Chemist: 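Next up is a structure, given as structure tokens.
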Amino acid sequence: MADGAAPTAAGPAARLSRDGLPLLLFALLAAAPFAGFGDGASLTLMARAMILALAATGLWLLVGGAGLISLGHAATLGCGAYAVAILDAHGITEGAIVFPVAILGAGLFAFLTGAVSLRTSGVHFIMITLAFGQMAFFTAASLAAYGGDDGYTLYGRTEFLGGRLLESRLVFHFVCLGALALVWALCRAVLASRFGRVLRATRENPLRVQAVGFSPYPYRLAAYTLAGMTGGLAGALLANATEFVSPAILAWQRSGDLLFAVILGGLGRLHGAMLGAFAFLLLEETLSHVTAHWRLLFGPLLVLAVIFLPGGLVGGLVGGRRKPGGPA
Amino acid sequence: MSAPLLALRDLRKHFGGLAVTDGVSLEVRPGEIHAVIGPNGAGKTTLIHQISGTLRPDSGQVRFLGEDVTALPFARRVRRGLARTFQITSILPGFSALENAALAVQARSGSSFRFLRPAAAEAGLNREALAALAAVGLAHRAAVPAGTLSHGEKRQLELAIAIATRPRLLLLDEPLAGAGAEETERLIGILGRLRAEYGILLVEHDMRAVFALADRISVLAQGRLVTTGTTGEIRAHPEVRAAYLGEDEMA
Ligand SMILES: Nc1ncnc2c1ncn2[C@@H]1O[C@H](COP(=O)(O)OP(=O)(O)O)[C@@H](O)[C@H]1O
Ligand SMILES: [Mg+2]
């Protein structure tokens, strides 16, 4: 029972083989600054990668967990990022306030838009999440007090208890890594929980879920809200990484990129989201050094990836595939 | 006589100009297997849909345990003890057989808005799920992914899931459809044992099974109930004999 669906608890060895890859990734990221990747450019790239991975992991909860394809996930990043910007403009940079506001604000946005979106399904759901994303985008662009189209430059990074912890790139690296590892571990636990079981069942067969006495809607809405909260956290971190917030952060292209990262990584396992996000950024980074027209190469490569890695990166790697419906 | 588990009062449903359920009234009593038979297209599945709540009747009433449930959604009727199976097997193919049943146990035992504790490690859920599998003779297949079970085993699993909801009444839509001879024997045995605990509304084409299992039989044709009676009465009913039952099946 490699998938943990059996009543027997998995031993530490089994757990290591199950989660070996994500744990290895975390270890590598922890070691990277001390192994020749401690320069500013490397730390900047890794921070972006970890934040994208964090957002993708939350999105995986919807796509891989609940079978809900959202094209509006970037809007929740926007909520988190604009929470940082707006509080900054009013002189509030304390992390103990900024991060909860960013996370809860994005969660509230997801809850309200999800409450409407989840009344629909299939293509309509995709379109309505996109529409809400666009509404958020144009709202951000019209926020003249916070830079409107031009964006808003933060006075400084978020602080903790008055200490300017996030000013250090190295500290910020570990804050991002910690946030990513925490979100991954939480999502993993959620997927294996009672709640996660209902969610995974709704992806497989919503009628069957009703036939045992569950209404899928509240479970989907809770998942949508949770995913929104992770998006808010990612957005707040992203604002700190660039010290700049603009409507570009919630452009629908970013929602598309996130969705692509999730699918590229694979829907078989939760850590596919991380793999997909890292692969996505590495590819973008490498190609943009080769040619200014890197997007011309990027597209076809992504098409090839979808054709030749139907299970995504986790499906292509040995032992990465799980049976559908497993707790991820 | 005890109060009926289920009572249908003048149920009507139209699809366009077609009356698919045309004034159906019937009762299912506790401990009874009430079979509904009739040719293809008679409206048997549509009737089950309206009883279970997957379809709203145009008019009429569905009363379950003495209460009007006509306006209740599907999932809420299940929570009240009205479980069903589907003519086309509906399971969670990627879940193990045990987890399929455990989901049903979970739905009636405490909140499922629990986010951190692994559900697969909940001994209480697993124990009851295993008992439901055992009730249909599927305990030895508990760990197998449901999608890889044989056709007959999938039908057994669907019964186990329905039982795991702890129902008062089972609505079974052709539970023997597509089963081989050996599987049919096994399923008839299982259904015969279930009658002790649950009322059953059985829609079935296999007349041998119907006459072996049913206490009473209702005959449906073009949405209308032709007659309801004991197996003996139905066997003797001239119209039914002529129209819906092959003489050999009656022997
Ligand atoms: N959703 C629907 N829309 C229109 N007609 C339907 C629908 N569902 C069933 N019917 C028609 O209703 C009649 C009864 O169908 P059904 O209840 O499936 O019969 P049975 O289960 O007895 O074979 C059939 O003529 C079928 O074509
Ligand atoms: Mg039918």
Side-chain angles (χ1 to χ4, degrees), chain A residues 1-10 14-15 18 61 64-65 67 182 185-223 225-226 229 267-268 321-328, chain B residues 52-54 73-86 89-123 125-127 129-130 142-143 145-148 158 161-162 164-167:
Chain A
M1 278 278 90
D3 296 286
T8 52
R15 179 172 171 122
R18 248 183 80 70
L61 206 56
L182 184 71
L186 281 176
C187 286
R188 194 181 170 290
V190 164
L191 285 161
S193 72
R194 276 185 172 216
F195 172 82
R197 178 186 267 167
V198 178
L199 207 59
R200 287 181 283 117
T202 62
R203 183 195 60 199
E204 290 224 350
N205 184 349
L207 187 64
R208 172 36 65 197
V209 174
Q210 292 180 52
V212 300
F214 288 113
S215 160
Y217 181 79
Y219 297 90
R220 287 176 170 156
L221 183 55
T225 306
L226 282 176
M229 290 167 78
L267 300 179
R321 205 185 260 288
R322 77 159 174 164
K323 66 186 183 214
Chain B
S52 65
T54 40
F74 181 24
R76 296 206 25 211
R77 294 188 205 191
V78 177
R79 293 207 291 274
R80 289 199 180 191
L82 186 52
R84 72 168 284 185
T85 63
F86 295 84
T89 314
S90 175
I91 55 171
L92 301 165
F95 281 38
S96 70
L98 185 76
E99 221 189 354
N100 266 276
L103 182 74
V105 178
Q106 194 181 310
R108 60 164 168 81
S109 48
S111 169
S112 281
F113 278 96
R114 295 191 200 163
F115 296 90
L116 295 177
R117 186 171 164 209
E122 282 196 48
L125 296 184
N126 292 332
R127 196 177 338 103
L130 200 58
T148 65
E158 209 181 354
I161 298 170
T165 66
R166 202 175 275 167

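Below, each value reflects all heavy atoms present in this structure, side chains not excepted, and no hydrogens, waters or symmetry copies. First the proteins, then the strands, lettered A, B, ... as listed; each starts at 1. In this text, all values refer to a predicted model and were calculated from it rather than measured experimentally.
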Chemist: Which bit of B/Leu82 comes within less than 4.5 Å of chain A, counting heavy atoms only: side chain, backbone, both or neither?
Modeler: neither
Chemist: What's the spacing between A/Leu207 CG and B/Phe86 CZ if we round to 0.5 Å?
Modeler: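 The CZ atom of B/Phe86 is 3.5 Å from CG of A/Leu207, to the nearest 0.5 Å.
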Chemist: Nearest 0.5 Å please: distance from the CD atom of A/Gln210 over to the OG1 atom of B/Thr54.
Modeler: 9.0 Å
Chemist: Would you call B/Glu99-A/Arg200 a salt bridge at under 4.0 Å N-O?
Modeler: yes
Chemist: Find the one option among B/Gln106, B/Glu158, B/Arg80 whose heavy-atom pairs under 4.5 Å with chain A are most numerous.
Modeler: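 Most heavy-atom pairs within the cutoff with chain A belong to B/Gln106.
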Chemist: Any donor and acceptor pair, going by atom type alone, linking the side chain of A/Asn205 with main-chain N or O of B/Leu92 inside 3.5 Å?
Modeler: no
Chemist: Between the main-chain N or O of A/Arg194 and the side-chain N or O of B/Ser112, is there a donor-acceptor pair closer than 3.5 Å?
Modeler: no
Chemist: Pick one of side chain, backbone, both or neither for A/Ala201, based on which atoms fall under 4.5 Å of a heavy atom in chain B.
Modeler: both
Chemist: Who are the ring-ring contact (aromatic ring centres under 6.0 Å, His included) partners of B/Phe113, not counting sequence neighbours?
Modeler: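 ring-ring contact (aromatic ring centres under 6.0 Å, His included) check on B/Phe113 returns A/Phe195, A/Tyr219.
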Chemist: B/Arg114 versus A/Ser193: any side-chain heavy-atom pair under 4.5 Å?
Modeler: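 No. Closest side-chain heavy atoms not under 4.5 Å.
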Chemist: Among B/Gly147, B/Ala102, B/Ala164, B/Ala83, single out the residue with the greatest number of heavy-atom pairs under 4.5 Å to chain A.
Modeler: B/Ala102
Chemist: In the structure I gave you, are the side-chain heavy atoms of A/Leu186 and B/Leu116 within less than 4.5 Å of one another anywhere?
Modeler: yes
Chemist: For a quick test of reading the model, state the closest non-hydrogen atom pair linking A/Phe214 to B/Leu103 and the distance between them.
Modeler: CE1-O, 3.5 Å
Chemist: With chain A as the partner, which of B/Ser111, B/Ala129, B/Pro73, B/Ala142 has the greatest number of non-hydrogen pairs under 4.5 Å?
Modeler: B/Ser111
Chemist: Test of understanding: with salt bridge (charged side-chain N to carboxylate O under 4.0 Å, His left out), list the residues that count as partners of B/Arg79, not counting sequence neighbours.
Modeler: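 B/Arg79 satisfies salt bridge (charged side-chain N to carboxylate O under 4.0 Å, His left out) with no other residue.
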Chemist: Would a distance-only check, ignoring hydrogens and angles, find a side-chain to backbone donor-acceptor pair under 3.5 Å from B/Arg84 to A/Ala211?
Modeler: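 Not confirmed, B/Arg84 side chain does not pair with A/Ala211 backbone.
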Chemist: A/Pro216 versus chain B, heavy atoms under 4.5 Å apart: side chain, backbone, both or neither?
Modeler: neither
Chemist: With respect to chain A, which residue among B/Ser52, B/Ala162, B/Ala104 yields the maximal number of heavy-atom pairs within a distance under 4.5 Å?
Modeler: B/Ala104
